[in-house]
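In what follows, a single structure is set out as structure tokens and then discussed.
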There are 2 protein chains.
Amino acid sequence: MVRHIVVTSVVDAITEDLREQVVNGELPPGSPLTELEISTRYEVARSSARAAIERLTSEKVLVRRNHKTARVVELGPDDVRDIYNTRIYLESEVLRRLAGLRRVPVSSRTANSEIAELWRGGSYQIVDPDMRFHTGLIDSVDSARTSAAYHSLAFEVKLCMAQLQGRQALSPQIIVAEHARILELIELGDADGAAAMLDEHLSRARELLVGSLGGTPGPEAEWPSSAAPGAPIREDAATALR
Amino acid sequence: MVRHIVVTSVVDAITEDLREQVVNGELPPGSPLTELEISTRYEVARSSARAAIERLTSEKVLVRRNHKTARVVELGPDDVRDIYNTRIYLESEVLRRLAGLRRVPVSSRTANSEIAELWRGGSYQIVDPDMRFHTGLIDSVDSARTSAAYHSLAFEVKLCMAQLQGRQALSPQIIVAEHARILELIELGDADGAAAMLDEHLSRARELLVGSLGGTPGPEAEWPSSAAPGAPIREDAATALR
DNA sequence: AGTTGTCTACTTGTCCGACAATATTGCCAC
DNA sequence: GTGGCAATATTGTCGGACAAGTAGACAACT
């Protein structure tokens, strides 16, 4: 039995830390990251800082063009649509296969219970278990590349959430019900039904997110509490066309 | 009308050149690439060579572990299965959508004609137009991320082909017929039929490839020329769990 | 024999300092 | 203000340096 240990290099550590800072909002979308700044912040050589930036750029956590300083990626309405559509494409067919086998992954079932429990507890921090519901479905077909692709999309969803700073109106009640219905349809072997339900489920989430980001579909997007304090909301639209 | 120009950096150029060498077989799977060697070959600083290697590693063209020299990736039977299954997952749902719209992308139709023509001309170099048939379908749904995911898979298929050095028994005749049938089913709006046809089509290709690589289905794997010299074939499975 | 220790050669990981090319900014003249 | 220019900031690349890790060979030990 082979056992694995991890030995993290300097670049690894910086990369992880920066990625973490991006997803939890400490580094808001659009913030610039210069090589010098990072190298001094972490007390490492500029080359190491540079390597970390390049990695995050290849992961699309940061964006950079020639001779310009890297910035935290900003995801607009078009990106959200694209992300969710790709999720739908990937997950639909996986669902059909699972329905064909009438196989319901336990991890998805437990994840959905978790959401229900959080909701009963009054919490709305359901992004994580919600994602686990979906990745549970995907991972159950046991394809490393399929999982990798989906997890990459899931990560981008997380970035969107970080961009929204918590405000987000997905009702846990509806989510739990739809998840449960999907699992039920899988158990019944109803591939078309499961796929249709998923489409509806993710499409709704997509439109909600697009709306929150100020997308076109619902032209009067309501800004519930406060326009993000200190965050230039609109300027990122320009970056959409690079 | 915006026009784009590309200004390639040293690292860009090296990365591209190396990637090209890998796909056309000049750098066979498993060959080691040390930073020093590359830096002297291209007459650049080691840091630049290193950056190129890191990029290709993140693209999975090369593989590397801590303190060990990078090698050209070797794709085994398990990888091929995984690649093709992921292709099937992605492409099936796209096909269903196209069937729903009864929309047949022209690029796919012309690509299939190209294969037919090459075949009539006695050529068996059909990998490229074959891929264009499929990417034509994918790209027509106009999702950048879906396309990116599929193109990444297509690239891995190319790597497999490079590994096989040309020998490959896919009959163009059957391919053309199946492609045509798929387009026909899309036109008829038969989503299930199109998806099923695609599954059959890609599954056959998958098994053929797996067989050529010495997969388990035909347990007696023949290593025509030489067994991969000094290359532990299985070890990459470990990297799945990082 | 088989295990363990040591040596050497090679390679990677990280640092430093340097400089040209390019981008950004601020200022000045108009 | 607007255009243009100079000063500044930042990236892209270089070369050299050294510690740390890997691999193979060979000797020593049990």
Side-chain angles (χ1 to χ4, degrees), chain A residues 2-18 27 30-59 61-73 232 235-236 238-239 241-242, chain B residues 2 4-18 27 30-73 228-233 235-236 238-239 242:
Chain A
V2 181
R3 295 204 52 88
H4 287 263
I5 58 173
V6 276
V7 37
T8 74
S9 69
V10 171
V11 179
D12 282 336
I14 297 177
T15 305
E16 272 184 51
D17 196 55
L18 285 178
L27 286 172
S31 8
L33 289 177
T34 72
E35 300 176 355
L36 190 63
E37 184 196 332
I38 293 181
S39 70
T40 55
R41 269 229 307 262
Y42 291 97
E43 292 184 296
V44 297
R46 181 161 77 99
S47 48
S48 303
R50 181 184 177 78
I53 290 178
E54 271 181 8
R55 272 200 218 174
L56 292 173
T57 301
S58 83
E59 286 178 30
V61 177
L62 307 180
V63 290
R64 169 157 69 165
R65 294 200 323 280
N66 264 4
H67 277 281
K68 307 195 62 164
T69 111
R71 293 176 172 279
V72 177
V73 67
E235 101 181 38
D236 45 40
T239 67
L241 52 113
R242 317 219 117 173
Chain B
V2 180
H4 289 262
I5 59 170
V6 274
V7 38
T8 72
S9 69
V10 172
V11 179
D12 283 336
I14 296 177
T15 305
E16 270 185 52
D17 196 55
L18 285 178
L27 285 172
S31 11
L33 290 176
T34 72
E35 300 176 355
L36 190 62
E37 184 197 331
I38 293 180
S39 70
T40 55
R41 268 229 307 262
Y42 291 97
E43 292 184 299
V44 296
R46 181 160 79 97
S47 47
S48 302
R50 181 184 177 78
I53 290 177
E54 271 181 7
R55 271 200 218 175
L56 292 172
T57 301
S58 84
E59 286 179 29
K60 312 234 192 145
V61 177
L62 307 181
V63 291
R64 169 155 71 165
R65 298 209 309 288
N66 265 2
H67 276 282
K68 306 196 60 168
T69 111
R71 295 174 173 280
V72 176
V73 67
I233 302 180
E235 99 180 42
D236 44 38
T239 66
R242 311 223 120 172

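By convention in this document, chain letters (A, B, ...) are assigned in the order of the sequence lines, proteins followed by strands, and residues within each chain are numbered from 1.
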Query - Separation of atom CZ in R55(B) from atom P in dG12(D), rounded to whole Å - result: 9 Å
**Report entry** Separation between OG of S58(A) and CD of E59(B), rounded to the nearest 0.5 Å
**Finding:** 8.5 Å
Report summary line: dist R46(B):CZ -> S48(B):OG (nearest 0.5 Å) comes out at 11.0 Å
Report summary line: Which of V73(B), I53(B), L18(B), L27(B) passes side-chain contact (heavy atoms from CB on, under 4.5 Å) with L62(B)? It is I53(B)
Report summary line: Separation between OG1 (T34(B)) and CZ (R50(B)), nearest 0.5 Å, reads 12.0 Å
Report summary line: Whole-Å distance, E35(B) CD to dT13(D) P, equals 16 Å
Query raised in the report: Tell me: CG of L36(B) to C1' of dT22(D), nearest whole Å?
Result: 16 Å
Query raised in the report: Separation of I5(A) atom CD1 from dG21(D) atom C1', in whole Å?
Result: 12 Å
Query - Whole-Å gap separating C1' (dT13(D)) and CZ (R50(A)) - result: 8 Å
Query raised in the report: T34(B) or A45(A): which one's nearest nucleotide on DNA chain C is closer to the 5' end?
Result: T34(B)
Query raised in the report: Closest heavy-atom contact between A49(B) and I38(B)?
Result: CB-CG2, 3.7 Å
Query raised in the report: Between E54(B) (CD) and dG13(C) (P), how many Å, whole number?
Result: 7 Å
Report summary line: Heavy-atom contacts, protein to nucleotides 18-24 of chain C, under 4.0 Å, summarised as B (base), S (sugar-phosphate only) or - (none) per nt, yield B--BSSS
Run the side-chain donor-acceptor check on residues 6-16 of chain B: report pairs under 3.5 Å with partners two or more places apart or on a different chain.
from, atom 1, to, atom 2, distance (Å)
S9(B), OG, D12(B), N, 3.2
S9(B), OG, D12(B), OD2, 3.2
D12(B), OD1, R55(B), NH1, 2.5
D12(B), OD2, S9(B), N, 3.3
T15(B), OG1, V11(B), O, 2.6

Query raised in the report: Once you round to the nearest 0.5 Å, how far does CZ of R41(A) lie from CG of L36(A)?
Result: 11.5 Å
Report summary line: Sorted by number, residues from residues 8-17 of chain A placing a heavy atom under 4.0 Å from DNA chain C are S9(A), V10(A), V11(A)
Query - Distance, nearest 0.5 Å, that separates NZ of K68(A) from CZ of R64(A) - result: 12.5 Å
Query raised in the report: To the nearest Å, how far apart are R64(B) CZ and dG21(D) C1'?
Result: 13 Å
